[in-house]
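Heads up: the structure comes next, in structure tokens.
Atom set for the values below is all heavy atoms of this structure, side chains included, hydrogens, waters and symmetry mates excluded.
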Amino acid sequence: MDDYYLREIEGKTANDPYCNINFCGSSSKRCVWVPGPVIVGAGPSGLAAAACLKEKGVPSLIIERSNCIASLWQLKTYDRLKLHLPKQFCELPLMSFPQDFPTYPTKQQFIKYLEDYADRFEIRPVFNQRVVSAEFDKVLGFWRVRTAPEAGEGETTEYVCRWVIAATGENAEAVVPAIEGMEEFGGEVIHTCLYKSGSVYKGKKVVVVGCGNSGMEVCLDLCNHNATPSLVVRDTVHILPREMLGRSTFGLSMWLLKWLPMRLVDRFLLIVSRLILGDTGRFGLDRPQLGPLELKNLSGKTPVLDVGTLDKIKSGDIKICPGIKRLRHQSVEFTDGRIENFDAIILATGYKSNVPRWLKENEMFSEKDGLPKRPFPNGWKGQCGLYAVGFTKRGLLGASMDAKNIAADIESCWRTESKHLSAISWPYSMQKHILSDY
């Protein structure tokens, strides 16, 4: 951004009674000019975007509400978690997993990979800062990203930048359903974001609500720690073996899709799954009418990759239950009329985007679900320098695609505008903020 634009900002803000920006430092709020993009969120998607930008010579600044990178992985996942897909499908751009890592890295190994990734590309987020709002100022022609300390006390900051990249992802906030009688239950009710290990539930009866990958794996973990879990299944679900014919199911699917239409690949997956797993419908796990890949492509609903839970269901160690009608004191009333006592409830009910809470625009993101309105693969770019990474419902592969596209698009603008940068004489107050915060 050249010095002409900087003078324009200073001139316009000096005559704007509604603008709190003051580059000379007299405002009560601190202002920081960011030459490159501001990235909101230091998860894998935000790191990937920052690395791809750096590789193209474009600096960026990540703002993160937590005290660490990949806070979902570090703070809100259970201990036994492993990547559900082979590591080659979970790599971020420009850096592979270590060769000695197993096919399905553990939670701790994946976190180590992300920390090494941030170190390699010298990514240094601003931590413990919650983005209150990000709004494009049509008068200035820049984004104004306002933040406040996550703890609630301290100085607020406004970042002024040319580009904003939303990287808070699909899993920013836990989804906690409203269940009648929740206040009457009396026992522990937690979301899986607070679940760590089944060891604290030894000897207890626990009902797990939600039959996705997390719900299935939590049930298995509870079994392995001598708890008695029941699994609430409210909808149809595709369960596939994690591996088939000596290859990962995901990898085999991707290979087959190169040669065959999706419906034929789905038919193949379901035939082989039935041969390996049997008829899951016999155990209360009915399959959807659409095949697993077609359903994923249309709705984003991911099939469950079985890691041993189905055997526990077949043996009766995990009981399948219908939906919950209401809760009573230390008991659950199901939709089929049964009432059963439980010591605890674990909600494996997923996560949602929080973008509508802080992004002040209504063109790119849906107010309803917080996801880009344009379908994959075109949801990564909005208007006025707004981008999205990690909202594809296609995991880390989708986030990597977004990150590469965003970096290439911003690079073209950056190179055009950077031709004038050598002539800039930065105001002292801005130099101070850039050196201390950027």
Side-chain angles (χ1 to χ4, degrees), residues 36-66 68-77 81-127 163-172 213 248 250-251 254 300 302 305 351 353 371-372 376-377 379-381 387-411:
V38 165
I39 302 172
V40 184
S45 297
L47 298 178
C52 289
L53 287 163
K54 175 129 189 178
E55 193 253 349
K56 293 184 178 297
V58 181
S60 62
L61 178 67
I62 298 182
I63 301 173
E64 168 59 43
R65 65 181 175 179
S66 187
C68 59
I69 64 168
S71 61
L72 180 66
W73 279 87
Q74 297 214 49
L75 307 177
K76 298 181 180 181
T77 52
L81 179 62
K82 295 182 179 181
L83 293 180
H84 292 124
L85 303 182
K87 60 184 179 182
Q88 64 265 31
F89 298 109
C90 300
E91 293 175 348
L92 299 187
L94 309 172
M95 180 172 148
S96 300
F97 280 96
Q99 290 188 350
D100 60 348
F101 272 27
T103 302
Y104 300 94
T106 65
K107 163 185 171 177
Q108 291 76 19
Q109 288 171 326
F110 185 56
I111 291 170
K112 178 65 165 59
Y113 166 76
L114 295 177
E115 290 174 339
D116 290 344
Y117 189 86
D119 287 342
R120 174 173 174 176
F121 295 101
E122 299 179 324
I123 301 170
R124 302 288 182 265
V126 175
F127 292 117
W163 305 277
V164 167
I165 303 174
T168 47
E170 308 153 358
N171 302 318
N213 279 296
S248 77
F250 182 82
M254 295 301 101
T302 303
L305 297 176
Y351 296 84
S353 165
L371 301 178
F376 178 84
W380 57 273
K381 184 176 181 180
Y387 298 89
V389 56
F391 295 88
T392 63
K393 292 194 173 181
R394 284 162 174 78
L396 295 168
L397 271 178
S400 295
M401 291 175 61
D402 285 346
K404 294 173 184 177
N405 287 333
I406 291 168
D409 197 62
I410 292 178
E411 180 197 21

Do the side chains of Arg65 and Val40 get nearer than 4.5 Å, heavy atoms only? no

Can you name the residues that form a side-chain hydrogen bond (donor to acceptor under 3.5 Å, both in side chains) with Thr302, not counting sequence neighbours? Lys296

Taking C-beta and beyond as the side chain, do Phe391 and Thr168 meet within less than 4.5 Å on heavy atoms? yes

Looking at every non-hydrogen atom in both residues, tell me the closest pair between Ile410 and Pro37 and how far apart they are. CD1-CG, 3.7 Å

Below 4.5 Å, heavy atoms only, C-beta onward: do Ser60 and Val38 meet side chain to side chain? no

Note: Val389 and Ala399 closest approach over all heavy atoms is CG2-O, 3.5 Å

Can you name the residues that form a side-chain hydrogen bond (donor to acceptor under 3.5 Å, both in side chains) with Lys112, not counting sequence neighbours? Asp116

For Lys82, does the NZ atom sit with more than 12 other heavy atoms under 6.0 Å from it, leaving out its own atoms? no

Pair listing, salt bridge (Lys or Arg N to Asp or Glu O under 4.0 Å) test, anchored in residues 36-54, at least two apart: Lys54-Glu122

Can you find a heavy atom in the side chain of Leu47 that is under 4.5 Å from one in the side chain of Ile69? yes

For the student: nearest non-hydrogen atoms of Ser353 and Leu371, plus distance: CB-CD2, 4.3 Å

Only counting residues at least two apart or in another chain, list the ones meeting side-chain hydrogen bond (donor to acceptor under 3.5 Å, both in side chains) with Tyr104. Glu243

Could you tell me whether the side chain of Glu64 and the main chain of Gly41 form a donor-acceptor pair under 3.5 Å? no

Is there a side-chain contact between Trp163 and Ile406 in this structure, where contact means two heavy atoms from C-beta onward sitting under 4.5 Å apart? no

Would you say the side-chain atoms of Arg394 pair up with the backbone N or O of Thr392, donor to acceptor, closer than 3.5 Å? yes

Look up atom CD in Gln108 and atom CD in Gln74, then write down how far apart they are to the nearest 0.5 Å. 10.0 Å

Using the six-membered ring wherever Trp is involved, compare the ring planes of Tyr117 and Tyr113 and label them parallel, tilted or perpendicular (cut-offs 30° and 60°). tilted

Pro105 and Phe97, any side-chain heavy atoms less than 4.5 Å apart: yes

Find the distance between NE2 (His84) and CG (Asn213) and round it off to the nearest 0.5 Å. 4.5 Å

Could you check if a side-chain atom of Ile165 sits within less than 4.5 angstrom of a side-chain atom of Leu53, using non-hydrogen atoms only? yes

Determine, step by step, whether Val126 and Ile62 satisfy the side-chain contact (heavy atoms from CB on, under 4.5 Å) criterion, reporting the C-alpha distance in whole Å, the side-chain angles of both residues, the deciding distance to 0.1 Å, and the verdict. CA-CA 6 Å; Val126 175; Ile62 298 182; over 6 Å; no

Considering only residues two or more places apart or on different chains, which pairs with a residue in residues 398-410 satisfy side chain to side chain donor-acceptor pair (under 3.5 Å)? Lys381-Asp409, Tyr387-Asp409

Ignoring hydrogens, what is the shortest heavy-atom contact between Ala70 and Leu114? Give both atom names and the distance. CB-CD1, 3.5 Å

Nearest heavy-atom neighbours spanning Val58 and Glu411: CG2-CA, 4.2 Å

Test item: Gln109 and Pro102 side chains (from C-beta on) under 4.5 Å apart, heavy atoms: yes

Shortest non-hydrogen pair, Cys90 vs Leu396, comes out as O-CD1, 3.5 Å

Within residues 84-109 or reaching into it, pairs that qualify as salt bridge (Lys or Arg N to Asp or Glu O under 4.0 Å) - sequence neighbours excluded: none

Report the distance from atom CE of Met254 to atom CZ of Phe89, rounding to the nearest 0.5 Å. 7.5 Å

d(Ile123 CD1, Glu115 CD) to nearest 0.5 Å is 12.5 Å

Reported SG-to-CG distance for the pair Cys52 and Leu94, which is rounded to 0.5 angstrom: 5.0 Å

Short question: side chain of Glu170, backbone of Tyr351 - any donor-acceptor pair under 3.5 Å? no

